[in-house]
Amino acid sequence: MPIALWALTISAFAIGTTEFVIMGLLPEVANNLGVSLSSAGLLVTGYALGVFVGAPLVTATTGRLPRKTLLIALMVVFVIGNLACAIAPGYATLMIGRVVASFAHGAFFGVGSVVATSLVPKEKQASAIALMFTGLTVANVLGVPFGTWLGQSYGWRATFWAVTVIGVIALAATAVLVPRSQGGEEANFGKEVRVLMRPQVMLGLLMTVLGFGGVFAAFTYIAPILTDISGFPASAVSPILLLFGLGLVIGNLAGGKLADRKLMATLLGSLVLLAVVLVLFGLTNENKIAAIIGVGLMGMAAFATVPPLQMRVLEKATGAPNLASSANIAAFNLGNAAGAWLGGVTIDHGPGLHAVPYVAALLPLAGIAVALVSWKMDARPATLARTERTTPI
């Protein structure tokens with residue numbers, strides 16, 4: 001794979017660490033800032049909503065910039081946001097820092113996905129996306145467990161200081177390794193929006209929301225599930241999250257390889273696997289060994305969905321690759337926000353923490369239904385192709 005892909009991977013590692021590490025630190029943040037666990041969980045929701053808003057907005061307003069210039073600028077914003085988190089004196093300023101950092105997230109992965117696919121032959125494009133997203137998975141293998149340990153040992157602000165340093169390293173890697181030949185294009189925002197309105201593109205975005213909504217409904221509250229239900233001490237959360245990260249690596253790479261061969265079969269199969277794993281985790285998480293296995297399987301199932309979901313939208317959004325890719329990253333994070341919110345509602349106003357995995361499983365189940373509808377539309381190529389060809393662009 002081209003060396004430029006590794007620059008994208010390093011940046012994805014930095015972004016993934018700051019996105020996911022907060023889950024392992026929710027009890028520490030809640031206790032330190034004097035807020036409830038569900039309020040601390042809104043730091044996940046706020047970040048995800050920032051990505052949801054920022055991804056298409058930033059992409060739409062920066063379409064004329066060379067892609068390398070845009071990627072560098074986004075990493076600068078990322079560093080500033082995490083620095084603000086590190087020095088935040090209270091909950092409100094911490095939330096602001098999270099949202100600032102989130103504005104870099106969606107556009108970076110959106111534009112980065114386009115750059116990644118442009119660097120390799122068509123038959124390797126899903127694998128190229130998977131390699132970039134490997135940065136997210138490695139963040140969960142190394143960055144999140146280390147960040148959780150660091151925050152538990154030296155205070156949660158120490159974690160954000162560390163992420164800021166990683167961000168600076170990622171910024172330098174992007175500046176040095178990404179080729180300038182990946183230039184900007186004249187953007188026609190109206191044209192790209194019309195492409196996004198195609199039925200198959202909208203269904204692809206909905207699948208993304210539902211799939212990752214299920215992941216985050218459960219994973220946002222993984223620390224209290226492991227301590228309050230499974231009976232682990234807080235110090236065990238970090239090494240258990242290491243297994244989640246290993247699962248992400250396996251699932252992400254496998255999802256990319258399989259999606260290069262049979263895209264829709266892989267997409268549907270990964271959603272089925274995710275729903276099954278969430279239900280099994282709910283049934284078995286009172287047993288420590290089963291809970292550990294369940295966390296690893298949850299990571300594998302979660303990121304097996306990422307390459308096929310991203311490729312599905314890119315495949316159906318020909319003519320609007322930048323905005324479509326960023327819109328799908330936004331959809332991932334709308335799912336994150338909705339899932340985190342749904343998990344909090346389940347805890348505060350529903351059956352409680354023990355029911356979170358079951359409620360989470362309802363979302364990928366809905367995603368399976370949407371995937372089947374979309375796949376059935378593929379079976380009517382003449383009608384659908386005629387509709388998409390005649391879409392005014």
Side-chain angles (χ1 to χ4, degrees), residues 17-48 91 94-95 98 140 144-153 155-156 159 212-245 247-248 277-299 301-302 335-363:
T17 299
T18 203
E19 178 183 18
F20 288 103
V21 76
I22 192 69
M23 284 77 152
L25 297 175
L26 285 187
E28 286 73 22
V29 171
N31 291 334
N32 181 257
L33 298 181
V35 299
S36 67
L37 186 64
S38 58
S39 293
L42 289 177
L43 292 167
V44 178
T45 301
Y47 184 95
Y91 179 82
L94 176 58
M95 178 67 82
R98 291 278 294 169
N140 282 274
V144 172
F146 176 75
T148 300
W149 170 82
L150 189 66
Q152 290 174 343
S153 301
W156 58 266
T159 299
F212 252 60
V215 173
F216 267 66
F219 187 61
T220 297
Y221 299 96
I222 194 66
I225 288 173
L226 291 174
T227 55
D228 297 352
I229 295 178
S230 303
F232 288 102
S235 59
V237 172
S238 178
I240 293 173
L241 290 180
L242 177 64
L243 292 178
F244 181 84
L248 294 184
V277 166
L278 287 170
V279 171
L280 290 177
F281 182 66
L283 290 172
T284 62
N285 60 19
E286 291 185 0
N287 179 283
K288 290 184 177 180
I289 294 177
I292 291 172
I293 295 172
V295 169
L297 290 175
M298 192 189 306
N336 296 356
W341 171 82
L342 182 61
V345 169
T346 303
I347 294 169
D348 289 344
H349 305 291
L353 184 64
H354 72 279
V356 166
Y358 303 119
V359 173
L362 295 176
L363 297 178

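The figures here come from the full heavy-atom set of this structure, side chains too, leaving out hydrogens, waters and symmetry mates.
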Under 3.5 Å, side chain of [X] to main-chain N/O of [Y], donor-acceptor pair present?
X	Y	result
Arg98	Thr18	yes
Thr159	Leu150	no
Asn31	Pro27	yes
Tyr47	Ala337	no
Tyr91	Ser39	yes

| Side-chain heavy-atom pair Leu26, Thr220 within 4.5 angstrom cut-off | yes
| Under 4.5 Å between any side-chain heavy atoms of Leu226 and Val295, yes or no? |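 They are in side-chain contact.
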Interatomic spacing from [atom1] in [X] to [atom2] in [Y] - rounded to 0.5 Å:
X	Y	atom1	atom2	result
Leu94	Leu33	CG	CG	6.5 Å
Ile293	Ile240	CD1	CD1	11.5 Å
Leu297	Phe244	CG	CZ	11.0 Å
Leu241	Ile222	CG	CD1	7.5 Å
Asn285	Ile292	CG	CD1	12.0 Å
Leu362	Leu278	CG	CG	9.5 Å

Over all atoms of both residues, closest heavy-atom pair of [X] and [Y]:
X	Y	result
Thr284	Leu280	OG1-O, 2.8 Å
Met298	Ala218	SD-CB, 4.3 Å
Ala48	Asn336	CB-CB, 3.6 Å
Gly294	Val277	O-CG1, 4.3 Å
Gly213	Leu363	C-CD1, 3.3 Å
Val29	Trp156	CG2-CG, 3.8 Å

| said: Using the ring-ring contact (aromatic ring centres under 6.0 Å, His included) criterion, which residues pair with Phe216? Sequence neighbours excluded. | reply: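 Phe216: ring-ring contact (aromatic ring centres under 6.0 Å, His included) contacts with Phe20.
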| request: Report the residues that fulfil ring-ring contact (aromatic ring centres under 6.0 Å, His included) with Tyr221, sequence neighbours left out, ordered by chain and then residue number. | output: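 In terms of ring-ring contact (aromatic ring centres under 6.0 Å, His included), with neighbours along the sequence ignored, Tyr221 is linked to no residue.
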| said: Show every side chain to side chain donor-acceptor pair (under 3.5 Å) that has at least one partner inside residues 222-238, sequence neighbours left out. | reply: none
